[in-house]
There are 2 protein chains.
Amino acid sequence: MNNARFPISLHILTLMARNKGVLLSSEHIAGSININPVLVRKEISNLRNNGLVESKEGKNGGSTLAKPASDIQLSDIYHAVQQASLLGNSRNHPNPACSVGRQINVHLDNLYQEIEGALLRKLDKMTLEDFSAQFED
Amino acid sequence: MNNARFPISLHILTLMARNKGVLLSSEHIAGSININPVLVRKEISNLRNNGLVESKEGKNGGSTLAKPASDIQLSDIYHAVQQASLLGNSRNHPNPACSVGRQINVHLDNLYQEIEGALLRKLDKMTLEDFSAQFED
DNA sequence: TCATTCTGTAATTCTGTTTATTACAGTACA
DNA sequence: TGTACTGTAATAAACAGAATTACAGAATGA
């Protein structure tokens, strides 16, 4: 994960989990995270495409969880924001004339996949409810 | 890991593991990775500070492994290049007036630490020798 | 001894990515 | 019908990573 999107999405979802059934505006969420509301709306758009939140447009609109927090694994959030590889974003173009350069990306990919498996098994074990229950008022 | 440093360092060390006892120049290594030699020297400098490689200055100089590849765990390399947190680089400053904003960094840190533990247990199991033995000539 | 070939580093520039900002159409409510 | 939202595109600003330039210092060997 090469970006700050995971913590942002988790922050958004935690706010929603702790405000069950309430429509939160992007402005309000942005105020808690301290980032720009447009970025919040972009993240919410992504979470919505992944079936984690639902939104209502217009006055008094906003977004809320699309299903109970106990039905959302942290691995679901990871998958929703995940795009590049975990370790280093293999944007490298090693020299194919070198035997190491030619083969390293394959072996790196295998390694990353194995590591990501271990990570996902961890994230599978925790739900959004577990995470948000840690917060005190 | 937010950067491409892990693959670069692993590439460097793989080249050395496959050229045991030979002093490799930064120019030569840079040619295989296809990056700038100065960046290679920077990474080597870091690996040297972590006791993984040793260098010789001057004409016919270069760098080589400081110990057998079988004594270098991939977790050693991870620690050597590691600086920021694994997931997202908590450069975030959430709103302390919000109960979620106030507490989220603590809970994120705990989560990251747990995940990183799982990752390290994986990387602990593989040595540089294991990794470089996968390469064909 | 001295030219050569390396490393070690600092400083600067270049480039790509991320984030903020601006703008505005569309939707729902009251 | 005005207000308060979302959704989204386009642009600008900020930042980080990498390349490049520059040069001092070290080892070699002719």
Side-chain angles (χ1 to χ4, degrees), chain A residues 1-9 11-12 15-16 19 22-31 33-50 53-64 66 81-85 87-95, chain B residues 1-9 11-12 15-16 19 22-50 52-64 66 81-85 87-95:
Chain A
M1 189 118 50
N2 300 306
N3 50 39
R5 290 183 55 203
F6 180 80
I8 288 176
S9 280
H11 195 143
I12 292 171
L15 286 169
M16 291 178 180
N19 291 277
V22 178
L23 289 172
L24 300 177
S25 75
S26 61
E27 187 94 19
H28 177 252
I29 295 171
I33 309 181
N34 205 17
I35 59 174
N36 194 283
V38 175
L39 185 53
V40 172
R41 296 206 282 270
K42 267 186 198 157
E43 281 310 313
I44 285 178
S45 167
N46 178 55
L47 295 171
R48 188 171 50 243
N49 292 337
N50 283 269
V53 313
E54 52 192 24
S55 308
K56 190 183 165 196
E57 296 187 7
K59 193 171 181 180
N60 300 327
S63 301
T64 189
V81 301
Q82 172 80 2
Q83 43 198 4
S85 177
L87 308 141
N89 36 7
S90 297
R91 206 185 316 86
N92 53 350
H93 301 291
N95 186 348
Chain B
M1 188 118 51
N2 301 307
N3 51 38
R5 289 183 56 202
F6 180 81
I8 288 176
S9 281
H11 195 143
I12 292 171
L15 286 169
M16 291 179 179
N19 291 277
V22 178
L23 289 171
L24 300 177
S25 74
S26 62
E27 186 95 19
H28 177 251
I29 296 170
S32 170
I33 309 181
N34 205 18
I35 58 173
N36 194 283
V38 175
L39 185 53
V40 171
R41 296 207 281 270
K42 268 186 197 155
E43 280 311 313
I44 284 177
S45 167
N46 177 57
L47 294 171
R48 189 172 49 243
N49 291 338
N50 283 271
L52 301 181
V53 314
E54 51 194 24
S55 308
K56 191 184 165 196
E57 297 187 5
K59 192 172 180 180
N60 299 329
S63 301
T64 189
V81 302
Q82 173 80 1
Q83 44 197 4
S85 176
L87 307 141
N89 37 5
S90 298
R91 204 186 316 86
N92 51 351
H93 301 292
N95 187 348

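In what follows, chains carry the letters A, B, and so on, assigned in the order in which the sequence lines appear, proteins first and then strands, with residues in each chain numbered from 1.
Between A/Lys59 and B/Gly58, the residue whose closest nucleotide on DNA chain C is further toward the 5' end is B/Gly58. Nucleotides of DNA chain C nearest to B/Glu27 and A/Asn60 differ in position, and the one nearer the 5' end is that of B/Glu27.
Here the side chains of B/Leu23 and B/Asn60 are not in contact, with every heavy-atom distance at 4.5 Å or above. The shortest side-chain heavy-atom distance between B/Glu43 and B/Val81 falls under the 4.5 Å cut-off. Side-chain contact between A/Ile29 and A/Ile44 is present, with at least one heavy-atom pair separated by less than 4.5 Å.
One finds no side-chain N or O of A/Ser55 lying less than 4.0 angstrom from the OP1 or OP2 phosphate oxygen of D/dT6. The side chain of B/Ser45 places an N or O atom within less than 4.0 Å of a non-bridging phosphate oxygen (OP1 or OP2) of C/dT9. Distances shorter than 4.0 Å separate none of the side-chain N or O atoms of B/Arg48 from OP1 or OP2 on C/dT7.
To the nearest angstrom, P of C/dT18 lies 9 Å from CZ of A/Arg5. Rounded to an integer number of Å, the gap from CD of B/Glu57 to P of D/dA27 is 6 Å. Distance NZ (A/Lys42) to C1' (C/dT18): 9 Å, rounded to an integer number of Å. Atoms CG (B/Asn36) and P (D/dT21) sit 9 Å apart, rounded to a whole Å. As rounded to whole Å, 12 Å separates atom P of D/dG7 from atom CD of A/Glu54. Separating the CZ atom of A/Arg41 from the C1' atom of C/dT19 is a distance of 14 Å, rounded to the nearest angstrom. Between B/Lys56 atom NZ and D/dG25 atom C1' the separation is 15 Å, expressed in whole Å. Taking atom CG of B/Leu39 as the reference point, atom P of C/dA11 lies 18 Å away to the nearest angstrom.
Residue contacts for A/Leu23: at a heavy-atom cut-off of 4.0 Å it reaches no nucleic acid atom on any strand shown. Residue contacts shown for A/Ser63 are absent, as no nucleic acid heavy atom lies under 4.0 Å away.
Formation of a donor-acceptor pair under 3.5 Å by the A/Asn92 side chain with backbone atoms of A/Pro94 is not found in this model. Remark: side-chain polar atoms of B/Asn50 are paired, donor with acceptor, to backbone N or O of B/Asn46 under 3.5 angstrom.
Residue A/Ala4 has its side chain nearest to C/dT19 when only C/dT19, D/dA19, D/dA22 are considered.
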